[in-house]
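Here is the structure we will look at.
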Amino acid sequence: MTRVVVVGGGLAGLAAAYALSPAAGAPWRLPAERLPEVVVVERSPRFGGKIDTVRRDGYVIERGPDSFLARKPAARRLVAALGLDGEAVGTGPEGRGAYVFFRGRLHPLPEGMATGIPTRLGPLVRTGLLSLRGKARAALELFLPRGPAGDEALGAFLTRRFGREVTDRLAGPLLSGIYAGDVHRLSVLATFPHLKALEARHGSLLRTMLAGPRERPPAIDPPWPEAVQSSTFVSFRRGLLTVVEALTAALAAGGARLIAGRGAVAIRKEGSAYAVALEGGEAIRAEAVILAVPAAAARALLGPAGEAFLPLEAGTPYASVANVAVWTEAAALSALPPGSGFVVARDGRPAITAVTWTTRKWPHTTPPGGALFRVYFGDATTDVAERLTDAELEAAALSFLQETSGVRRPPAGVLVSRWRAAMPAYGVGHRERLSALRAALERTLPGIFVAGSAYDGVGLPDVAESGRRAAEAALDYLQGGGAPAPGAGGPPEGKEAGA
């Protein structure tokens, strides 16, 4: 029997292993008469990576991401395969709408925004986020010619099309928040390629958006349950950890070996196979290896053979972020306008990037009589998530909540979560570097595949799909199919929304 070792037990690694499991549901399982033995190796004592849910005092508190983007087919296929339809929940009715915090005030996000781009002129004209000059500059986009082909920084693209004010006060805070990155360094083709494609096809993005959708989005198959069909985002009654629990249970039932708390320390080529050495001295022989870890970690495991990862590693800086969950009495919600929270425009307050009124967005997270909030810190432009102590983060979060959301001290509970060097920021040229890496691996290390947020997108559906495609490429390799089909192993479909 052949064996695949998956290094990394986050969502990408678990999704890859699940695709190779006989216990996987049909929408996710790979078709094969004989599947390989699967081993998943995770350095930390738990599986799930950035997905980590705390269930405390009746609250469902996410320490990392809080949802899937529902329109991504990979999200639907995975949920259906795991049989989690009955656990899926959508956003609450009071959580519709959001704001931008700018110069001490909450400004409603103009209606009709699509991936940070306005689709209606009226709300753009009325918004207090832009000066008259900024609005005039944004309207000028209707008459601008197409820009140059090829990759460029997301911030440069937005500024070229809409002006600096839209970039800094509107689109930038929304789009950079997804990647915790600096829009002036993020690759537009690696993050929001559809914006560049719209410009190439139609010239003006604003004119295209004002004309309305020209094509209906593809139907999700199988469709989402009726209870969540109208929701942009999907979560679960007991939190996103539900997905990790279902994945690990299915893998165990399908005979996979799950190793947590003992990471891989080296990978050596041995003939046509590989030896994956673990902490503690054990070595596992495998005919294929899926590296669901960042490029730097993959390079370290492979030693001198991992030099192909260097360009991608150098071009993908990581941001450290933190968030503070605060729960208190329901009265704290009474002073809030309708909506799910706000992002913070850069106006001299770079430490805090966003606030979610979690109870409004996800009513299932909060027991009767309570209110739950999350305050987000840090991005690629600041080291605040590493520099401040837990006590300082807590104090800053409580002070900001009191200023912007009417939350009074003392809260019933606070939970600080840190994610050091956790968010990859794809630099300009990321797609070319990634293609070169995969080509180099195919030539020099056949049987080694990569998956995860370091490569194919940070949104959970993209991360999961990246894992499945890596599994598909590994299975094709094991079955003697030669080089993977174009796109096998990545990038996943439609990674422009990243949620």
Side-chain angles (χ1 to χ4, degrees), residues 50-55 58-76 78-80 84-101 106 108-116 119 123 173-175 177-178 217 220 223-243 323 325-327 330 332-334 336-344 353-368 370-376 401 404-405 458-462 464 494 496-499:
K50 300 180 187 72
I51 297 177
D52 189 9
T53 306
V54 173
R55 297 149 182 159
Y59 289 91
V60 178
I61 304 166
E62 301 290 2
R63 307 194 75 167
D66 67 5
S67 59
F68 286 86
L69 190 59
R71 70 175 178 80
K72 295 291 185 82
R76 178 62 191 124
L78 183 59
V79 172
L84 295 177
D85 282 9
E87 294 297 310
V89 294
T91 51
E94 293 185 342
R96 294 171 183 167
Y99 301 83
V100 178
F101 186 79
L106 288 177
L109 189 66
E111 294 179 8
M113 296 294 293
T115 324
T119 63
L174 291 170
L175 302 185
I178 296 169
I220 298 294
W224 284 103
E226 185 176 351
V228 299
Q229 281 185 2
S230 62
S231 181
T232 302
F233 301 100
V234 174
S235 191
F236 302 89
R237 299 183 193 282
R238 289 176 51 78
L240 281 182
L241 194 62
T242 300
V243 174
N323 67 81
V326 177
W327 55 103
L333 298 170
S334 61
L336 298 179
S340 60
F342 58 90
V343 296
V344 179
T353 59
V355 172
T356 299
W357 303 328
T358 307
T359 302
R360 288 273 186 82
K361 185 178 181 183
W362 301 111
H364 72 279
T365 63
T366 307
L372 179 61
F373 302 83
R374 273 218 294 176
V375 182
Y376 300 83
L401 283 176
T404 63
S405 306
V458 301
L460 294 183
D462 296 334
E496 71 276 1

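Throughout, residue positions are numbered sequentially from 1 according to the sequence presented.
Between atom CZ of residue R76 and atom CG of residue L69 there is a gap of 14.5 Å, rounded to the nearest 0.5 Å. Atoms CZ and OG1, on R374 and T359 in that order, are 12.0 Å from each other to the nearest 0.5 Å. Between H364 atom NE2 and T358 atom OG1 the span is 9.5 Å, to the nearest 0.5 Å. We find the OG1-CZ distance between T356 and F373 to be 11.0 Å, quoted to the nearest 0.5 Å. Atom CD1 of I61 and atom CG of D66 lie 13.0 Å apart (nearest 0.5 Å). Here the OG-CZ distance, from S231 to R71, works out to 13.5 Å after rounding to the nearest 0.5 Å.
Side-chain atoms of W362 and S67, non-hydrogen and from C-beta on, do get closer than 4.5 Å to each other. Between T53 and R238, every side-chain heavy-atom pair lies at or beyond the 4.5 Å cut-off. The shortest side-chain heavy-atom distance between L401 and V326 falls under the 4.5 Å cut-off. Looking only at side-chain heavy atoms (C-beta outward), L460 and V243 stay at 4.5 Å or farther from each other.
Among all heavy-atom pairs drawn from T404 and L106, the shortest one is O-CD1, 3.9 Å. For the residue pair L372 and T365, the shortest heavy atom distance occurs at CD2-OG1, 3.8 Å. Heavy atoms only, all atoms of each residue included: I220 and A70 are closest at CD1-O, 4.2 Å. P461 approaches A74 most closely through the heavy-atom pair O-CB, 3.6 Å. Taking both residues in full, the closest heavy atoms of R360 and G339 are given as CB-O, 3.3 Å, listed atom of the first, atom of the second, then distance. Across V343 and P173, no two heavy atoms sit closer than the pair CG2-CB, 3.8 Å.
Using bins of under 30°, 30° to 60° and over 60° for the plane-to-plane angle, the ring pair Y99/W357 lands in the tilted bin. Note: F236 and F68 have perpendicular aromatic rings, judged against thresholds of 30 and 60 degrees for the angle between ring planes.
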Exercise. Hey, mind stepping through T232 and T91 against side chain to side chain contact (heavy atoms under 4.5 Å, CB included) and telling me if it holds?
Worked result: CA-CA 8 Å; T232 302; T91 51; over 6 Å; no
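Listed for the T366 side chain is no donor-acceptor partner under 3.5 Å among the backbone atoms of P363. A donor-acceptor pair is defined here as one N or O able to donate and one able to accept, closer than 3.5 Å; no such pair exists between the side chain of Q229 and the backbone of P223. Counting only distance, with no hydrogens or angles, the side chain of D85 and the backbone of W224 share no donor-acceptor pair below 3.5 Å.
Within 6.0 Å of the CD atom in E94, the count of heavy atoms belonging to other residues, nucleotides or ligands does not exceed 12.
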